[in-house]
*Asks:* 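Can you read through this structure? Questions will come right after.
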There are 2 protein chains.
Amino acid sequence: MAISSEPSRPYHHGSLRDALLRRAEEVLSESGVDGLSLRAIARDVGVSHGAPRRHFPDRQALLDALAEDGFVRLGDEIRAAAAAPASSFVERLGALAIVYVSFATQHAALLDLMFAGKHRPGASESLYAAAEGAFSPVFQLIVEGQAQGEVVPGDVDRVALAAWAGIHGLASMVNAGLVDRATLPSLVADAAERMVLGLRPRG
Amino acid sequence: MAISSEPSRPYHHGSLRDALLRRAEEVLSESGVDGLSLRAIARDVGVSHGAPRRHFPDRQALLDALAEDGFVRLGDEIRAAAAAPASSFVERLGALAIVYVSFATQHAALLDLMFAGKHRPGASESLYAAAEGAFSPVFQLIVEGQAQGEVVPGDVDRVALAAWAGIHGLASMVNAGLVDRATLPSLVADAAERMVLGLRPRG
DNA sequence: CAACTCTGTTGTCATTGCCTACATTCGATC
DNA sequence: GATCGAATGTAGGCAATGACAACAGAGTTG
């Protein structure tokens with residue numbers, strides 16, 4: 001299970017922080033947050049139990065870093081989907097929704113971490129930044145939609161939030177085990193359709 | 001903090017299970033799941049650290065029981081809202097949504113527990129039953145709506161899930177701290193409207 | 001009253017997170 | 001390139017925790 005690497009490890013690992021995060025994420029997806037122990041991860045990586053402290057003041061800091069990393073990766077995927085060629089606004093937004101649900105369901109434990117971290121008072125500034133960065137393509141797309149008259153005008157934050165709630169809720173319910181995984185794709189399609197429908201300017 | 005009660009406690013507490021659950025729920029809402037320690041709760045209730053084991057084989061069992069209790073109480077509130085006099089289908093369904101979001105946001109940590117438990121393999125049968133029982137009024141209402149032609153026909157589970165995703169997602173995002181609490185009521189109203197809109201037969 | 005079962009107590013153990021002192025390495029400055 | 005301070009890792013210790021086992025009191029049932 002340990003990330004086996006150089007046979008004779010130098011005193012300084014060189015990239016301990018990254019190694020810890022990598023291993024932590026493995027454990028996270030295999031055993032959930034509760035199964036994540038700093039000491040065990042240190043063992044797996046091959047350092048002493050005190051070493052992680054130099055990079056993460058406490059366990060929560062490690063979890064925050066994982067969450068932040070999660071937002072970054074989610075942001076990458078969303079950005080890629082947003083950049084992909086798409087004919088219509090609807091198609092474009094639908095693609096983002098699919099990417100989101102896909103990420104959320106493939107990294108259930110990580111998603112919990114990501115959304116548990118935001119409301120913690122002491123959460124780092126960079127976590128917030130990462131979260132905002134991840135969702136910025138969505139906001140951007142909605143602003144474009146508004147400009148093109150495809151989306152109801154109004155405060156973007158509010159409009160986006162309302163629209164995205166259905167997508168996030170679906171992902172959340174899948175992770176809770178309320179949804180048969182096989183029916184997920186069609187549900188996502190439905191949700192995306194409903195989202196676009198809900199965004200339409202109403203006469 | 002402890003639930004002070006009878007001065008000279010008999011050897012047998014009489015209702016230890018309930019007392020533990022009550023105290024656990026207090027701790028849960030004050031300090032979250034991570035702050036919940038079996039030993040601390042036992043201390044608070046005034047029993048030895050081994051006593052809880054007679055009622056909950058391990059910590060997870062206590063959490064499951066909390067979740068189950070949460071579903072029961074949520075069910076009570078939903079049922080009450082469903083039973084309340086309401087003129088229209090729309091109004092009725094909106095009332096359920098409000099009750100749900102209200103419960104979810106007032107018991108954020110508990111909600112996490114409730115929805116984390118469902119996908120755990122070893123979760124007890126009664127937890128599932130409680131969850132289904134809590135949501136049954138929603139299903140029932142949607143079936144009625146379908147009968148009255150107010151709701152698109154089709155598999156109830158699927159329709160209800162799709163509709164409820166927006167509500168649940170909104171609650172989830174509020175708990176994540178993405179929503180200013182002041183704007184919540186109007187957002188819930190929006191979400192409910194969108195939900196009803198999405199349920200309408202199209203055609 | 002005697003066996004039996006529940007329920008609670010006490011003591012123990014491994015694990016864990018966090019802390020402090022110490023060791024080794026790296027890097028900047030002279 | 002030597003020196004000194006900062007960064008990084010090690011070793012040991014501590015209190016708290018969850019799980020477990022052996023035991024004890026209390027109620028129950030024959």
Side-chain angles (χ1 to χ4, degrees), chain A residues 1-24 26-28 30-67 113 116-117 120 122, chain B residues 1-24 26-28 30-67 113 116-117 120 122:
Chain A
M1 288 304 152
I3 300 179
S4 61
S5 39
E6 308 79 8
S8 87
R9 197 181 309 287
Y11 191 88
H12 282 90
H13 181 286
S15 54
L16 218 205
R17 204 191 122 99
D18 283 353
L20 290 171
L21 280 177
R22 267 202 306 275
R23 178 56 189 153
E26 286 179 20
V27 174
L28 180 65
E30 287 168 9
S31 321
V33 203
D34 294 338
L36 209 163
S37 139
L38 283 182
R39 290 173 102 110
I41 289 178
R43 274 195 298 271
D44 291 348
V45 172
V47 294
S48 70
H49 67 264
R53 191 164 220 283
R54 298 294 170 199
H55 303 274
F56 308 101
D58 58 16
R59 195 183 111 111
Q60 189 56 55
L62 196 247
L63 297 185
D64 285 352
L66 279 177
L113 231 48
R120 227 189 352 277
Chain B
M1 284 304 151
I3 298 179
S4 61
S5 38
E6 308 80 7
S8 86
R9 197 181 308 287
Y11 191 88
H12 282 91
H13 181 285
S15 55
L16 218 205
R17 203 191 125 99
D18 283 352
L20 290 172
L21 280 178
R22 267 203 306 275
R23 178 56 189 154
E26 285 179 21
V27 175
L28 180 65
E30 288 168 9
S31 320
V33 202
D34 294 338
L36 209 163
S37 138
L38 282 181
R39 289 174 101 109
I41 289 178
R43 274 194 299 271
D44 292 348
V45 171
V47 294
S48 70
H49 68 261
R53 191 161 220 283
R54 298 292 169 201
H55 302 274
F56 308 101
D58 58 15
R59 195 182 110 109
Q60 190 55 56
L62 197 244
L63 298 185
D64 285 352
L66 279 178
L113 231 48
R120 228 189 350 276

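All heavy atoms count here, side chains included; hydrogens, waters and symmetry mates do not. The sequence lines fix the lettering, A, B, ..., with proteins before strands; numbering per chain opens at 1.
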*Asks:* Using whole Å, report how far NE2 of B/His49 lies from C1' of D/dA22.
*Replies:* 12 Å
*Asks:* Round to a whole Å and report the spacing from NE2 of B/His55 to C1' of C/dG8.
*Replies:* 8 Å
*Asks:* Calculate the interatomic distance between B/Leu20 atom CG and D/dG18 atom P; express it in whole Å.
*Replies:* 12 Å
*Asks:* Over all strands shown, is B/Ile41 touching base, sugar-phosphate only, or nothing at heavy-atom distances under 4.0 angstrom?
*Replies:*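 No contact.
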*Asks:* Taking atom P of D/dA19 as reference, at what distance in whole Å does atom CG of B/Leu62 sit?
*Replies:*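 The answer, rounded to whole Å, is 10 Å.
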*Asks:* What's the closest nucleotide to the B/Arg39 side chain, out of D/dG18, C/dG8, C/dC18?
*Replies:*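 It is D/dG18.
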*Asks:* Within this structure, what is the CG-to-P distance between B/Asp58 and C/dA14, rounded to whole angstrom?
*Replies:*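 It works out to 20 Å between those atoms.
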*Asks:* Measure from CZ on B/Arg59 to P on D/dA19 and round the result to the nearest Å.
*Replies:*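 My rounded result for the distance is 8 Å.
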*Asks:* Does OP1 or OP2 of C/dT15 have a side-chain N or O of A/Ser37 closer than 4.0 Å?
*Replies:*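 Answer no for this pair, as no side-chain N or O of A/Ser37 is under 4.0 Å from OP1 or OP2.
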*Asks:* Please lay out, stage by stage, how A/Leu21 and A/Phe56 fare under the test side chain to side chain contact (heavy atoms under 4.5 Å, CB included).
*Replies:* CA-CA 10 Å; A/Leu21 280 177; A/Phe56 308 101; 3.9 Å; yes
*Asks:* Below 4.0 angstrom from OP1 or OP2 of D/dG9, is there any side-chain N or O of A/Ser48?
*Replies:* no
*Asks:* In whole Å, what is the span from the CZ atom of B/Arg54 to the P atom of D/dC23?
*Replies:*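 These atoms are roughly 14 Å apart.
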*Asks:* If you take all heavy atoms of B/Ser48 and B/Pro52, which pair is closest and at what distance?
*Replies:*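 Minimum heavy-atom contact is O-CD, 3.5 Å.
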*Asks:* Report yes or no: does A/Ser15 contribute a side-chain atom to a donor-acceptor pair with the main-chain N or O of A/Asp18 at less than 3.5 Å?
*Replies:*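 Such a contact is absent between A/Ser15 side chain and A/Asp18 backbone.
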*Asks:* Starting from P on C/dA14, measure out to CZ on A/Arg43 and report it in whole angstrom.
*Replies:* 14 Å
*Asks:* Which atoms form the tightest heavy-atom contact between B/Leu16 and B/Ala51, and what is the distance?
*Replies:*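 Minimum heavy-atom separation between B/Leu16 and B/Ala51: CD1-CB, 3.9 Å.
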